[in-house]
Participant: 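Submitted below is the structure of interest, expressed as structure tokens.
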Amino acid sequence: MKYVVKFSKTGDLRYISHLDTMRLFQRAFKRAGIGLLHSQGFNPHPRMILALPLPLGCESRGEYLEFHTADAMEPSVIKERLEPVLPRGIGLLFCAPIPEAERKNLAAQVVLAGYRLESRCDPAFDWREALNAYLSQESILGERRQKKTKSYAVVNIKPWIKEFSLSEAGEEGPVFFALLSAGSGDNLNPEVLLKSFFQWLDRPYLRWEHSLCRTELYKSDGNGGFCPLFIPASPAEGREAAGRSGPESIPAGAGWES
């Protein structure tokens, strides 16, 4: 049987890597007595995958783990068994079965990621005006690591910014919302965006002044818009998860930057 768990990753656990998060869940399933299917071949491994790697140091309220169990189980039982064996900082939002008719795995469906970006600096500054001027540029330059060469290059990141807006002007500084390209194709790290913005402002980018949190992952809704990566069939589970993540849907054409 195929299932998905949606979870949050907060606190000190934001500093553990993608691979360590996978190992964490492998150990948790073993301790919970939940048997996973394994791949075939010389070096079999559990059939489980995280939908999208989370940038190191970034918290999340919208992570997805897809996995296959050896035997059919009630999703509520899986959740009840996993919760006591997971470390502080991992919170399960829901567990649900994935329809067998769904051919593509969740990782292949991700196209966008939403982020809440809190900056503890200069609350008196007019961040909204600066943001509008920044986004009005014909091209927006950012330093991005290249997949093949592993070296850094300055590229135009504007095509990968679907939305970058000021959510609120907090007492300690601005709070931004960013909706960025993500997945197996184009993928923009939110820290690349923040660095680009602060460099354009001729301000130093100090990592400790900023808190990053992924709010949700999105897929195409088939009508030109976007919806959360997985919506459970149970209305109660859907309401619980939506209350702790990003917007439920994004209409076609909303916020695209040319």
Side-chain angles (χ1 to χ4, degrees), residues 1-100 102-110 113-115 182-184 187 189 212-219 228-234 237-238 240-242 244-246:
M1 284 291 294
K2 186 162 56 171
Y3 299 89
V4 57
V5 161
K6 185 177 185 180
F7 65 96
S8 60
K9 184 180 177 184
T10 58
D12 290 343
L13 287 193
R14 67 186 183 275
Y15 296 116
I16 70 169
S17 70
H18 175 74
L19 290 178
D20 284 336
T21 303
M22 290 287 288
R23 295 186 189 104
L24 181 156
F25 272 102
Q26 289 173 12
R27 291 193 296 267
F29 278 109
K30 188 173 182 179
R31 290 171 182 161
I34 300 172
L36 297 177
L37 283 181
H38 284 65
S39 61
Q40 303 298 312
F42 181 74
N43 184 28
H45 56 274
R47 293 184 60 186
M48 57 188 293
I49 185 172
L50 287 165
L52 186 72
L54 185 67
L56 199 65
C58 181
E59 293 189 325
S60 179
R61 306 287 178 181
E63 296 301 285
Y64 294 84
L65 175 74
E66 180 179 335
F67 58 95
H68 298 248
T69 60
D71 301 303
M73 300 178 66
E74 285 294 324
S76 59
V77 173
I78 294 176
K79 187 172 182 285
E80 288 170 5
R81 288 194 188 178
L82 279 176
E83 285 179 323
V85 299
L86 287 168
R88 182 182 301 174
I90 298 290
L92 299 188
L93 304 181
F94 68 72
C95 177
I98 298 176
E100 292 298 326
E102 182 58 70
R103 298 290 183 181
K104 294 176 70 175
N105 63 36
L106 294 180
Q109 299 179 52
V110 177
Y115 296 91
S184 56
N187 191 41
N189 187 312
L212 286 60
C213 181
R214 185 147 74 196
T215 56
E216 185 58 271
L217 296 176
Y218 298 93
K219 65 179 180 179
L229 185 58
F230 189 90
I231 301 175
S234 165
E237 289 175 342
E240 179 184 2
R244 284 181 264 179
S245 61

Participant: If you compare all heavy atoms of R14 against all heavy atoms of C58, which two are closest, and at what distance to 0.1 Å?
Facilitator: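 Here R14 and C58 meet closest at CB-O, 3.6 Å.
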Participant: For E66 and I98, work out which heavy atoms get closest and say how close.
Facilitator: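 For E66 versus I98, the nearest heavy atoms are CG-CD1, 3.6 Å.
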Participant: Calculate, to the nearest 0.5 Å, the distance between atoms CD and OG1 belonging to E63 and T21 respectively.
Facilitator: 8.0 Å
Participant: Could you give the distance from CE (M1) to CG (L37), rounded to the nearest 0.5 Å?
Facilitator: 11.0 Å
Participant: Could you list all the salt bridge (charged side-chain N to carboxylate O under 4.0 Å, His left out) pairs where at least one residue sits in residues 23-46, not counting sequence neighbours?
Facilitator: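 Checked against salt bridge (charged side-chain N to carboxylate O under 4.0 Å, His left out) - neighbours excluded - the pairs reaching residues 23-46 are D20-R23.
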Participant: To the nearest 0.5 Å, what is the distance between OG1 on T69 and CZ on R47?
Facilitator: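 Rounded to the nearest 0.5 Å, the OG1-CZ separation comes to 10.5 Å.
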Participant: Out of curiosity, L212 CG to S60 OG, how far, rounded to the nearest 0.5 Å?
Facilitator: 11.5 Å
Participant: Going by atom type alone, with no hydrogens or angles, which donor-acceptor pairs under 3.5 Å involve a side-chain atom of residues 81-96 and a protein atom two or more places apart or on another chain?
Facilitator:
from: R81; atom 1: NH1; to: G33; atom 2: O; distance (Å): 3.3
from: E83; atom 1: OE2; to: K79; atom 2: NZ; distance (Å): 2.9

Participant: If every non-hydrogen atom of N189 is compared with every non-hydrogen atom of P55, which pair is closest and at what distance?
Facilitator: ND2-CB, 3.7 Å
Participant: State, to 0.1 Å, how close A113 and L52 come at their nearest heavy-atom pair, and which atoms those are.
Facilitator: CB-CD2, 4.5 Å
Participant: Just so I know, are the side chains of Y3 and I34 near enough to count as touching, which here means a heavy-atom distance under 4.5 Å?
Facilitator: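 SC-SC contact between Y3 and I34 ruled out.
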Participant: Rounded to the nearest 0.5 Å, what's the gap from CG on L50 to CG on L19? Could you check?
Facilitator: 9.5 Å
Participant: Taking side chain to side chain contact (heavy atoms under 4.5 Å, CB included) as the criterion, tell me which of V4, I78, I49 meets it with F67.
Facilitator: I78
Participant: Which heavy atom of K9 sits nearest a heavy atom of I16, and at what distance?
Facilitator: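 Closest approach of K9 to I16, heavy atoms only: NZ-O, 3.1 Å.
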Participant: Would you name the heavy atoms of S8 and R61 that are closest together and state the gap between them?
Facilitator: CB-CA, 4.1 Å
Participant: If you measure only the distance, is there a donor-acceptor pair under 3.5 Å linking the side chains of E216 and Y64?
Facilitator: yes
Participant: Is the backbone N or O of K104 less than 3.5 Å from a side-chain atom of Q109, with the two atoms forming a donor-acceptor pair by type?
Facilitator: yes
Participant: Atom OG of S39 and atom CE of M48: how far apart are they, to the nearest 0.5 Å?
Facilitator: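 Spacing of OG (S39) from CE (M48) equals 12.5 Å.
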